[in-house]
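Data block below; observations after.
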Amino acid sequence: MWLPVSLNRPLMWMALVALPACVWIPDAALRIVAASLVALGLWDAWRQVRQQRLRLRLTEDAMGLANDAMVISDVENRVVAVNPAFTDITGYDSQEMVGRKLETLAAPRHDKAFYQSFWSTLKATGRWEGEMWNRRKHGDEYPEWLKVRAITDKRGNITHFISLFTDISAQKAREHDLRRIGYEDPLTGLPNRRRLHDLMSSRLRGLRAGESLDMVLIDIDGLKSINDSLGVEQGDRLLARFGQRLASYMAGSVVGRLGGDEFMVIRTTTFDDHDKWVANLRDHMCRPFEINEQSLRLGLTFGTCRAPEDGRDSAVLFQRLESALYSAKRLGRNNSQRFRPALDKQDNPQLALVSDLRAALVSGDQLELHYQTQHDPGSGELVGMEALLRWRHPSDGMISPGDFIPLAERHGLMAELGSWVIEKACAQQAHWQHSGMPKITVWINISALQLFQGDLETQLATCLERYRLQPAQIGLELTESVLLDERAGDMGPRLQTLRGLGYAIAIDDFGTGYSSLGYLKRLPVDKIKLDRAFIRELPNDQADAAIVTAVLAMAAGMGLEVVAEGVETKEQCEFLVNAGCKEVQGFYFARPLPASELEKRWASLPQAVGAN
């Protein structure tokens, strides 16, 4: 292949003038000079050729190193050259493609209008960028992100096209998985709580004259006992079988899983047979399940309601279904309870507070996160902090979490509150990390509802990606009551997954549950928080002193860290130092403070130990 050599160079012109002089000039000395000029011009031309060849080789090497496919085509879109990445993506090598039109690779997913728009934009602007579907050599179709640029001559006429594209199949698959995870229960494939809200709202809007919605919330009694007896895998298999039977029996209706052991059915009907329908559904679902060659007859608790009689808003109906279910549980489980206005009256005067809490979640300006720091009791240096939710009511002032958290749990607001806490804590941690603050872990309290609804992992991953945080910068605190909640099932595999992703796991209020040692042995836990009830009377109470000393020794033997909560006096702190406790939290070092006040005090605290 001949490379272009420029004649617009002094040595070249001198060589061209001297060439005839070598023949016609009679003087031998002058002919030698002319010949020298000709040789110098030839040397300059050869040097140009070498430089052009070097540039060409470097260009080819650069194209070979690129991960994106590159194609050079002529004005008729016939391939002139491709790079190795093109072969890796499409399966076609250079010899197969040179001379062929790129249109032969197009997948039949785009209509004629798409290609007309593509060519008109490319010829008008000289470039085009977007998503396009192509077909590989073996026939499978794939999406690509394509960039095309038109190359023109001095007159402005298009001579070539340079195309650059990359295979985005993996990215599209991830997007599909995220959408599926956001609206589908991973175990049963049924709609999850978020999707059920949307489907209920849609059916409410589509109700015609004479139509009603029958709704039932089903809770499987004693699922934890089944998991303990048969194992988690068999428990999951039972849940999947339960969902299949429910969906098969209620074909044409909406069937979903809220998480854990709770399922929901929504039926559009013109019959006034709500109680009979619930009884038939109960009889069908109470039939034995054959699991691992064992016949299991489940106890089921139903909470039911009917629209539009019991409400026309999906949030209100969800709340009333949960009120009916909790009422049925209080009556002894394994029974049905339909919503009635008296269930709402039981909450008075707290109904107004629930309404205000809903409004606070919508506005977002009444809820706050306060942060209580954790310290090394010996040196006082900062080692971590816990995010604590606070509600500053516009008329009632600061409301205790002990007053509004139980209401949020009963009325289905806990998951939304938990999501708000995760979002705000991650945003605050990102702000501190970019502001040069000490690199410590921020601990977030996780509720049972967040766990058994199945959205926790997705929420955490989304927030970490949005704020560019690492999992080690966020710690998760779970109370023993959460671990014992039957609705959450066996937490071991999920906690192991979270820990494998890099999150630290702590057990809060340690010592107040029923199976502390058993859970410590089975669950992947990094830290336990010793409840303030054992710290309050230190160092004078011998029983508390013995318990604290024993817990610290046990934790050291199991490789666990211990945080002593509720440390308020110097004497308590000194006892814990002598007992070998490495972390404490309490009023002796700091009260919970808003982020703005904490930042003002931060400069006076000792340098924190990096937790990342």
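Only heavy atoms go into these numbers, but all of them, side chains included; no hydrogens, no water, no symmetry mates.
Looking at heavy atoms from C-beta onward, Phe242 lies in side-chain contact with Leu300 at the 4.5 angstrom threshold. Thr373 has its side chain out of reach of Ile440: every pair of non-hydrogen atoms, C-beta onward, lies at least 4.5 Å apart. Between Leu367 and Leu417, the closest side-chain pair of non-hydrogen atoms falls below 4.5 Å. His393 places none of its side-chain heavy atoms less than 4.5 Å from the side chain of Phe404. Between Leu495 and Leu478 the shortest side-chain heavy-atom distance falls below 4.5 Å. Contact of the Arg282 side chain with the Val216 side chain is not registered, since no non-hydrogen atoms from C-beta on lie closer than 4.5 Å. Inter-residue side-chain proximity for Leu199 and Pro191 is flagged as met; some heavy-atom pair is nearer than 4.5 Å.
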Could you go through the side-chain contact (heavy atoms from CB on, under 4.5 Å) check for Met215 and Met264 one step at a time? CA-CA 7 Å; Met215 289 159 284; Met264 176 180 280; 5.6 Å; no
List the steps, then state whether side-chain contact (heavy atoms from CB on, under 4.5 Å) holds for Leu258 with Leu217. CA-CA 9 Å; Leu258 280 71; Leu217 190 58; 3.8 Å; yes
For Val563 and Glu386, run side-chain contact (heavy atoms from CB on, under 4.5 Å): C-alpha distance rounded to whole Å, both residues' side-chain angles, the deciding distance at 0.1 Å, then the answer. CA-CA 11 Å; Val563 180; Glu386 180 182 3; over 6 Å; no
Would you sort out whether Glu368 and Met398 count as a side-chain contact (heavy atoms from CB on, under 4.5 Å), showing the intermediate values? CA-CA 10 Å; Glu368 303 175 1; Met398 196 66 78; 4.2 Å; yes
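Qualifying ring-ring contact (aromatic ring centres under 6.0 Å, His included) partners for Trp420, counting only residues two or more places apart in sequence or in other chains: none. The salt bridge (Lys or Arg N to Asp or Glu O under 4.0 Å) search around Arg237 returns none, not counting sequence neighbours. With sequence neighbours left out, the salt bridge (Lys or Arg N to Asp or Glu O under 4.0 Å) criterion links Asp526 to Arg499. Residues passing the side chain to side chain contact (heavy atoms under 4.5 Å, CB included) test with Ser596, sequence neighbours excluded: Pro594.
Side chain of Gln572 to backbone of Arg536: a donor-acceptor contact under 3.5 angstrom is found. In this structure, the side chain of Asn335 engages the main chain of Ala328 through a donor-acceptor pair within 3.5 Å. Side chain of Thr441 to backbone of Ala472: a donor-acceptor contact under 3.5 angstrom is found. Distance alone, capped at 3.5 Å, places no donor-acceptor pair between the Gln429 side chain and the Leu469 backbone. Of the possible donor and acceptor atoms, one in the side chain of Arg245 sits under 3.5 Å from a partner among the backbone N and O of Arg287.
Salt bridge Glu423/Arg466: present, at least one basic N to carboxylate O contact under 4.0 Å.
In this structure, a donor-acceptor pair under 3.5 Å is present between the side chains of Gln585 and Gln374.
The side chain to side chain donor-acceptor pair (under 3.5 Å) pairs that include a residue from residues 537-555 number zero, where partners must be two or more places apart or lie in different chains. Within the structure, the salt bridge (charged side-chain N to carboxylate O under 4.0 Å, His left out) test picks out the following pairs touching residues 576-592 (sequence neighbours left out): Lys527-Glu583.
Under the 30°/60° scheme for interplanar angles, the aromatic rings of His197 and Phe318 are found to lie parallel. Taking the six-membered ring where the residue is Trp, His375 and Phe589 present parallel rings, their angle staying beneath 30° rather than reaching 60°.
For Glu597, the CD atom sits in a packed shell: over 12 heavy atoms of surrounding residues, nucleotides or ligands are nearer than 6.0 Å.
To the nearest 0.5 Å, the span separating CG on Asp365 from CZ on Arg392 amounts to 11.5 Å. In this structure, the separation between CD1 on Ile220 and CD1 on Ile218 is 8.5 Å, given to the nearest 0.5 Å. The CG atom of Leu388 sits 10.5 Å away from the CG atom of Leu593 when rounded to the nearest 0.5 Å. With rounding to the nearest 0.5 angstrom, the CG atom of Asp219 is 11.0 Å from the CG atom of Leu298. Rounding to the nearest 0.5 Å gives a distance of 10.0 Å between CG of Leu325 and CZ of Phe302. Within the model, atoms CG of Leu538 and OG1 of Thr569 stand 8.0 Å from one another, a figure rounded to the nearest 0.5 Å.
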